[in-house]
Amino acid sequence: MGGGHHHSPEAMPKAEQDLELLKKHQVPIPLRDHCAHLLVPLNVCRQETLYSPFHCQHQRHTYEECQFIQYERRAKMKQDIVKAKQAAA
């Protein structure tokens with residue numbers, strides 16, 4: 001039933017970002033997270049297609065998948081912290 005979701009390798013979060021590239025493309029500071037490297041090509045595509053909802057779907061999906069992977073990582077880290085606190089108590 002179902003099975004696990006296999007993430008695309010290009011959607012994997014990166015801890016190290018090219019800050020000069022993000023600055024050049026005017027990515028807002030709150031969006032400069034582990035998935036910012038995918039936001040630059042997505043925004044370029046959006047600007048080139050005048051924000052058409054039928055274009056840039058692959059870039060948007062890849063960016064959103066990266067955001068989801070990062071959310072899963074944060075949720076697991078929180079779960080591990082809670083378990084460690086419970087074990088220590």
Side-chain angles (χ1 to χ4, degrees):
M1 297 210 152
H5 178 74
H6 299 285
H7 300 295
S8 168
E10 66 181 1
M12 296 309 290
K14 286 176 33 179
E16 296 295 322
Q17 299 292 333
D18 182 358
L19 297 179
E20 290 302 318
L21 179 69
L22 299 177
K23 186 187 252 185
K24 176 184 168 196
H25 286 276
Q26 299 176 346
V27 175
I29 291 174
L31 297 179
R32 295 181 188 185
D33 59 2
H34 291 247
C35 299
H37 65 287
L38 299 170
L39 189 57
V40 171
L42 173 59
N43 285 341
V44 168
C45 180
R46 286 173 170 167
Q47 291 168 356
E48 288 175 352
T49 61
L50 302 175
Y51 289 82
S52 172
F54 307 107
H55 295 89
C56 313
Q57 291 177 356
H58 175 72
Q59 291 92 336
R60 192 188 85 232
H61 175 75
T62 304
Y63 176 70
E64 290 174 351
E65 184 177 7
C66 180
Q67 291 286 314
F68 180 72
I69 294 168
Q70 194 58 26
Y71 164 77
E72 286 180 323
R73 286 182 181 176
R74 288 192 311 271
K76 179 159 179 18
M77 287 173 56
K78 179 173 170 84
Q79 189 177 39
D80 292 344
I81 291 169
V82 168
K83 282 183 183 179
K85 285 182 179 180
Q86 288 175 346

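Given the structure is predicted, the values throughout are model-derived calculations rather than measurements.
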>> If I take atom OH from residue Y51 and atom SG from residue C45, how far apart are they, to the nearest 0.5 angstrom?
In response: 10.5 Å
> Could you state the interatomic distance from CE (M77) to CZ (R73), rounded to the nearest 0.5 Å?
Replying inline: 10.0 Å
Let me check something: any side-chain donor-acceptor pairs from residues 80-89 under 3.5 Å, sequence neighbours excluded? List them with distances.
unit_1, atom_1, unit_2, atom_2, d
D80, OD1, K76, NZ, 3.4
D80, OD2, K76, NZ, 3.4

> Who are the side chain to side chain contact (heavy atoms under 4.5 Å, CB included) partners of H55, not counting sequence neighbours?
Replying inline: T49, S52
>> Under the criterion side-chain contact (heavy atoms from CB on, under 4.5 Å), I'd like the reasoning laid out for Q67 against D33: C-alpha separation, chi angles, the key distance, then a yes or no.
In response: CA-CA 9 Å; Q67 291 286 314; D33 59 2; 3.0 Å; yes
> Between SG of C35 and CE of M12, what distance do you get to the nearest 0.5 Å?
Replying inline: 9.5 Å
> Who are the side chain to side chain donor-acceptor pair (under 3.5 Å) partners of D18, not counting sequence neighbours?
Replying inline: none
For residues 22-32, run the donor-acceptor check on the side chains, cut-off 3.5 Å, and write out each pair with its distance to 0.1 Å, sequence neighbours left out.
unit_1, atom_1, unit_2, atom_2, d
R32, NE, V27, O, 2.8
R32, NH2, V27, O, 2.9

> How long is the gap from CD on Q70 to CD on E72, to the nearest 0.5 Å?
Replying inline: 10.0 Å
> What are the two closest heavy atoms between P53 and Q57, and how far apart are they?
Replying inline: O-NE2, 3.7 Å
> Would you find a donor on one side and an acceptor on the other, under 3.5 Å apart, between the side chain of Q17 and the backbone of H34?
Replying inline: yes
>> Restricting to side chain to side chain contact (heavy atoms under 4.5 Å, CB included), what partner residues turn up for E10, sequence neighbours left out?
In response: S8, H58, T62
> Should L38 and F68 be counted in the same cluster of Ile, Leu, Val, Met, Phe, Trp and Tyr side chains packed under 4.5 Å apart?
Replying inline: no
>> Enumerate the salt bridge (charged side-chain N to carboxylate O under 4.0 Å, His left out) contacts for residues 35-61, please, sequence neighbours excluded, ordered by first and then second residue.
In response: R60-E64
